[in-house]
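In what follows, a single structure is set out as structure tokens and then discussed.
The basis for the numbers below is simple: all heavy atoms, side chains too, and nothing from hydrogens, waters or symmetry mates. Throughout, protein chains are lettered first and strands after them, A, B, ... in sequence-line order, and every chain is numbered starting at 1.
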2 protein chains.
Amino acid sequence: MIDDLDRQIIDQLRVDGRRSFGEIGRSVGLSEASVRARFQRLQRRGIIQVVGMTDAVKLGEIGVHLAVRVHHIPVSLVARELSRMPEVRYVASCVGPYDLIADVRCRDLSHLSELLTERVRRVNGVAHAEALTVLDVLKDTYLWAGFRELPAAPGDRILPP
Amino acid sequence: MIDDLDRQIIDQLRVDGRRSFGEIGRSVGLSEASVRARFQRLQRRGIIQVVGMTDAVKLGEIGVHLAVRVHHIPVSLVARELSRMPEVRYVASCVGPYDLIADVRCRDLSHLSELLTERVRRVNGVAHAEALTVLDVLKDTYLWAGFRELPAAPGDRILPP
DNA sequence: GGTGAAAGGCCCTAGAG
DNA sequence: CTCTAGGGCCTTTCACC
């Protein structure tokens, strides 16, 4: 399905999404063309996407994490409605005390208020929506490739010097 | 602080983080060199980062969203401890029924279990941690530049054809 | 802040193992 | 799925506005 070379390519892109395929190829031992082909496969299958991520607080926006409880109708229908809203950047169905999670980005408080009261809470099936408003983002890093590379010694690096 | 040109550049990178600066320049009316300079400024200030984002479910990993309540000690100290853990990809302090949010990615259930019981719940000050395990990611898109470009007619696009 | 120009490297397609 | 090869585009750096 996905092999170790794919994982190595993903790791490099998680640190820097603009790293050139040539450079990645050199450090994983593949030609540039192969890295590109693998990347395109991964992208087509929805396994990876390279995007610019912004810090809501630094941009002066309001970031809100929503947890939603759904009653009487399928969770996927509510998810679809939420996904339609452009302010909603992330929607996932979950197991746990809530059925859905959604991440939201708004311009200001009145925009947030309109979104929550006029749209989110009026979606059929939304029984309860809990909102956590972001005050400060303390980590949003991809500096570690995740659990494959553990904290280890300070100074360790994934990327060649 | 950040002007409309910056926002336009950010919008393009949110759709495709690998879009060339030349192409961006053409569509926002700046030279390639200026787009690059602006991008680097935004990146240095932590406003944007271009990274590869993976879909936990499609990779066979387990994604968990944690909401944490902190007692007796400063939230920022707990945040710092959580940030040290490589499985933790995102940490933010919040207003609302919980004090902190953390997003976590684990290899499998035993890894998740070890992380939660041995590490997260043992951090000083963690009074309660609620976990939502991701079943399916239904939206993780940057196809809209956010609230600046509204859903509008189907077929509308941010990017030139 | 902004530009343009030159050198080098990168991206991309094609074609073949 | 991999590679090499090439033309064209992009990146990088510079000097200058």
Side-chain angles (χ1 to χ4, degrees), chain A residues 1-55 57-61 141-143 145 148 157-161, chain B residues 1-55 57-61 141-143 145 148 157-161:
Chain A
M1 201 66 178
I2 120 165
D3 64 15
D4 198 61
L5 284 168
D6 289 325
R7 265 183 279 271
Q8 287 183 56
I9 293 168
I10 289 170
D11 286 348
Q12 306 244 344
L13 291 172
R14 282 186 44 184
V15 179
D16 176 6
R18 290 189 76 89
R19 178 160 293 233
S20 77
F21 293 139
E23 203 174 344
I24 294 172
R26 261 170 261 130
S27 78
V28 309
L30 277 182
S31 75
E32 181 189 320
S34 300
V35 174
R36 176 176 295 97
R38 279 171 178 267
F39 170 73
Q40 285 170 346
R41 274 192 298 273
L42 291 169
Q43 193 177 236
R44 234 182 305 109
R45 290 162 59 196
I47 291 172
I48 192 171
Q49 57 178 337
V50 173
V51 295
M53 304 198 28
T54 54
D55 183 312
V57 178
K58 287 184 178 148
L59 269 176
E61 300 175 358
T141 326
Y142 292 78
L143 278 181
R148 280 188 296 289
R157 39 178 85 198
I158 298 172
L159 306 173
Chain B
M1 201 66 177
I2 118 165
D3 65 15
D4 198 59
L5 285 168
D6 289 325
R7 266 184 279 271
Q8 288 183 55
I9 294 169
I10 290 170
D11 287 347
Q12 306 244 344
L13 291 172
R14 282 185 43 182
V15 179
D16 176 7
R18 292 189 75 88
R19 177 162 293 233
S20 77
F21 293 138
E23 205 174 343
I24 294 172
R26 261 170 261 130
S27 78
V28 307
L30 274 184
S31 76
E32 183 190 318
S34 300
V35 174
R36 177 174 296 100
R38 280 171 177 268
F39 170 74
Q40 286 170 346
R41 251 173 279 142
L42 292 168
Q43 196 177 38
R44 235 182 304 110
R45 291 162 58 194
I47 292 172
I48 192 171
Q49 56 178 338
V50 173
V51 295
M53 304 198 29
T54 53
D55 183 315
V57 178
K58 286 183 178 148
L59 269 176
E61 300 174 358
T141 325
Y142 292 77
L143 277 182
R148 279 186 297 287
R157 39 179 85 201
I158 297 172
L159 305 175

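In this entry the distance linking CD of B/Q40 with P of D/dT12 reads 7 Å, nearest Å. Atom-to-atom, CD of A/E23 to P of D/dT11 comes out at 14 Å; the value is rounded to the nearest Å. Spacing between atom CZ of A/R38 and atom P of C/dC12 amounts to 18 Å, rounded to whole angstrom units. Rounded to a whole Å, the CG atom of A/L30 is 17 Å from the C1' atom of C/dC10. Atom C1' of nucleotide C/dC12 and atom CD1 of A/I24 are separated by 16 Å, given to the nearest angstrom. A straight line from CZ of A/F21 to P of C/dC11 spans 6 Å, rounded to a whole angstrom. What separates CZ of B/F39 from P of D/dC10 is a distance of 17 Å, to the nearest Å.
Listed nucleotides: C/dT3, D/dT11, C/dC12. Nearest to the side chain of B/S20: D/dT11. Nearest nucleotide to the side chain of A/S31, out of D/dT11, D/dT4, C/dT3: D/dT4. Of the listed nucleotides (C/dC10, D/dC10, C/dG4), D/dC10 has the atom at the smallest distance from the side chain of B/E32. Comparing D/dT12, C/dG4, D/dT2 against the side chain of B/R36 picks out D/dT12 as the nearest. Listed nucleotides C/dG4, D/dC3, D/dC1 differ in distance to A/R41; the shortest reach to its side chain belongs to D/dC1. Distances from the side chain of B/R26 to the nucleotides D/dC10, C/dT3, C/dG1 place D/dC10 closest. If you check C/dC10, D/dT4, C/dC11 against the side chain of B/R18, the one that comes closest is C/dC11.
Put simply, the side chain of B/R18 gets close to the backbone of A/G17: a donor and an acceptor are under 3.5 Å apart.
OP1 or OP2 of D/dC3 has at least one side-chain nitrogen or oxygen of A/S34 nearer than 4.0 Å. Between C/dC11 and A/R19, no contact under 4.0 Å exists linking OP1 or OP2 to a side-chain N or O.
To the nearest 0.5 Å, the span separating CG on B/D11 from CG on B/D4 amounts to 8.5 Å. Taken from CG in A/D6 to CD1 in A/I48, the straight-line distance is 10.0 Å, to the nearest 0.5 Å. Note that CD1 of B/I2 and CG of B/L42 are 6.0 Å apart. Values are rounded to the nearest 0.5 Å.
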**Report entry** Test side chain to side chain contact (heavy atoms under 4.5 Å, CB included) applied to A/R45 and A/M1, step by step
**Finding:** CA-CA 11 Å; A/R45 290 162 59 196; A/M1 201 66 178; 3.5 Å; yes
